[in-house]
Amino acid sequence: MTNTFIPMTNARGMGPLPALVEDMGGSFPLHRVFARAGLPLALIDNQDSQIPMQQMISLFTHASIELGDRLFGLRVGQSMTPGSYGLWTNYATEAPTLYEAIYRLHKTRGVHQNMGAMRVHTQNQHAIWTYEHPMMREADGRVHADHILPVMLSIVRLYLGSDWQPDWVQFFYPQDKNTRGLSETLNCECRYGGHGVAVAIPRDLLWKPRKMALGRPLTKTDVFAEANARDKNAGIESLEGVASMRLLDGQTDISGMAEIVGCSTRSLQRELEGMGLTYRKLLDRVRYKKSSSLLRETELSITEVAFQIGYSDPAHFSRAFKRWTGRSPQAYRR
């Protein structure tokens, strides 16, 4: 392990995947899919969590395999809206033109994930809007990539009309016998072997204005406050994200953390030492952030908060919280 940067993404990106798996297969397949992807089922109710991009891609892949449905990713994306991604896409789609919306998506992508890019380039009479992420190729993220395209199309249609259809779309992977249904489902030409997931848009429509609703618009300040906070300590933030995700299942062992990061336990310990941390201190940071948020923002009992951050004994949690803050959980909540 040469550095601690882990490609992370927001769990909101799974969209209605859990509900669709359960509807199409039942609760047992849903449990199997999450287990095979190495993700806690509790993520379903904690979709503001950051998770490793590799696990997100694996979730889509295993769901598709479990259901025997190559087009499953596309079905997930078709059940999503631009607002499914929260603040990130809400801010972007308040832009007056499609070009500015895509620009906002690119500049504020750190709100959603710490790697990946949105870009626009011209090709004859078309502007090609492409989303790229290196993990899509490294982890064979075909099914995951498929779910992104319908959301991109939905964003374009906010500006060009609900009936607008692209001349063609493109996927990063090669065409094979399993891709036949994509063109029929999307009702447009599908091309393959590109750099990412792409939509062809007539160049002159990029600047078509959109009539905006009245009300207080989101600003860069609203969005960048969260993105900048993550960028300052990308390595630590990535590790904290993995630790926080594992706490949803009550998992606190360092060996499981090292397995997700992709290194040995000793390598992880050395990396943490280089940051001036131990694994216990990292876990304490995550537990403090999560417990203080739960105490401020929810009415969960102290016992429930303790369980949420991996303590089986509320008394142990209370002692730890006092060590972190100098106050008991009860005093902090008041």
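Residue numbers run from 1 in the order of the sequence given.
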Kindly write out the residues that satisfy ring-ring contact (aromatic ring centres under 6.0 Å, His included) with Trp207, not counting sequence neighbours, or none if the list is empty. Tyr99

Under the ring-ring contact (aromatic ring centres under 6.0 Å, His included) rule, collect the residues that match up with Phe172, sequence neighbours excluded. none

Kindly say whether [Y] contributes a backbone atom to a donor-acceptor pair with the side chain of [X] at under 3.5 angstrom?
| X | Y | value |
| --- | --- | --- |
| Ser267 | Cys263 | no |
| Glu304 | Ser301 | yes |
| Trp129 | Ala200 | no |
| Ser64 | Asp69 | yes |
| Arg137 | Pro134 | no |
| Arg70 | Thr179 | no |
| Tyr159 | Leu205 | no |

Report yes if the side chains of [X] and [Y] come closer than 4.5 Å at any heavy-atom pair, otherwise no.
| X | Y | value |
| --- | --- | --- |
| Pro96 | Pro209 | no |
| Pro150 | Met80 | no |
| Leu272 | Lys281 | no |
| Ser328 | Ser318 | no |
| Met56 | Met14 | yes |
| Gln113 | Asn10 | no |
| Ser84 | Thr89 | no |
| Thr130 | Val197 | no |

CA sep, side-chain torsions, deciding dist, call: Ser49, Asn46, side-chain contact (heavy atoms from CB on, under 4.5 Å): CA-CA 6 Å; Ser49 303; Asn46 293 270; 3.7 Å; yes

Would you check if there is a donor-acceptor pair between the side chains of [Y] and [X] at a distance under 3.5 Å?
| X | Y | value |
| --- | --- | --- |
| Arg319 | His316 | yes |
| Ser58 | Thr61 | no |
| Thr97 | Glu100 | yes |
| His121 | Arg119 | yes |

Nearest 0.5 Å, what's the [atom1]-[atom2] distance between [X] and [Y]?
| X | Y | atom1 | atom2 | result |
| --- | --- | --- | --- | --- |
| Asp48 | Leu87 | CG | CG | 10.5 Å |
| Met115 | Met8 | CE | CE | 12.0 Å |
| Leu20 | Leu67 | CG | CG | 9.0 Å |
| Thr108 | Met118 | OG1 | CE | 9.0 Å |
| Leu105 | Thr93 | CG | OG1 | 8.0 Å |

Does [atom1] belonging to [X] count more than 12 external heavy atoms closer than 6.0 Å?
| X | atom1 | result |
| --- | --- | --- |
| Gln165 | CD | yes |
| Glu240 | CD | yes |
| Gln125 | CD | yes |
| Arg270 | CZ | yes |
| His126 | NE2 | yes |

For the hydrophobic clusters of this structure (ILVMFWY residues joined by side-chain heavy atoms under 4.5 Å, transitively), does one cluster hold both [X] and [Y]?
| X | Y | answer |
| --- | --- | --- |
| Ile6 | Leu268 | yes |
| Tyr288 | Leu277 | no |
| Ile201 | Ile148 | yes |
| Ile65 | Leu71 | no |
| Leu158 | Val120 | yes |

So, [X] and [Y], do they make that salt bridge, N to O below 4.0 Å?
| X | Y | result |
| --- | --- | --- |
| Glu273 | Arg266 | yes |
| Asp176 | Arg142 | yes |
| Asp163 | Arg157 | no |
| Asp146 | Arg75 | no |

For [X] and [Y], which heavy atoms make the closest approach, and how far apart are they?
| X | Y | answer |
| --- | --- | --- |
| Leu294 | Gln308 | CD1-CB, 3.7 Å |
| Gln50 | Met245 | O-CB, 4.1 Å |
| Val169 | Leu153 | CG1-CD2, 4.5 Å |
| Pro16 | Ser79 | CG-CB, 3.6 Å |
| Phe317 | Ala306 | CB-CB, 3.6 Å |
| Pro166 | Cys188 | O-CB, 3.7 Å |

Lys NZ or Arg CZ of [X] over [Y] ring: under 6.0 Å, within 45°:
| X | Y | answer |
| --- | --- | --- |
| Arg287 | Tyr311 | yes |
| Arg191 | Trp168 | yes |
| Arg327 | Tyr332 | no |

Carefully, step by step, assess Thr252 and Arg246 under the rule side-chain contact (heavy atoms from CB on, under 4.5 Å). CA-CA 7 Å; Thr252 59; Arg246 299 186 73 241; 5.8 Å; no

Mind running side-chain contact (heavy atoms from CB on, under 4.5 Å) on Phe72 and Glu66 for me, showing each step along the way? CA-CA 10 Å; Phe72 178 74; Glu66 177 72 32; over 6 Å; no

Taking the six-membered ring for Trp, are His133 and Tyr131 parallel (under 30°), tilted (30 to 60°) or perpendicular (over 60°)? tilted

For the residue pair Tyr192 and Tyr173, does the interplanar ring angle fall in the parallel (under 30°), tilted (30 to 60°) or perpendicular (over 60°) class?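 Tyr192 vs Tyr173 ring planes: tilted.
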
With ring pair (Phe, Tyr, Trp, His ring centres under 6.0 Å) as the rule and sequence neighbours excluded, what pairs involving residues 21-63 come up?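 Counting only pairs at least two positions apart or across chains, the ring pair (Phe, Tyr, Trp, His ring centres under 6.0 Å) contacts touching residues 21-63 are Phe60-His144, Phe60-His147.
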
Quick one, Gln269 with Ile254, criterion side-chain contact (heavy atoms from CB on, under 4.5 Å). Give me CA distance, side-chain angles, the key distance, then yes/no. CA-CA 9 Å; Gln269 288 171 330; Ile254 188 172; 3.6 Å; yes

Identify which one of Leu39, Asp45, Leu43 satisfies the side chain to side chain contact (heavy atoms under 4.5 Å, CB included) criterion when paired with Leu248. Leu43

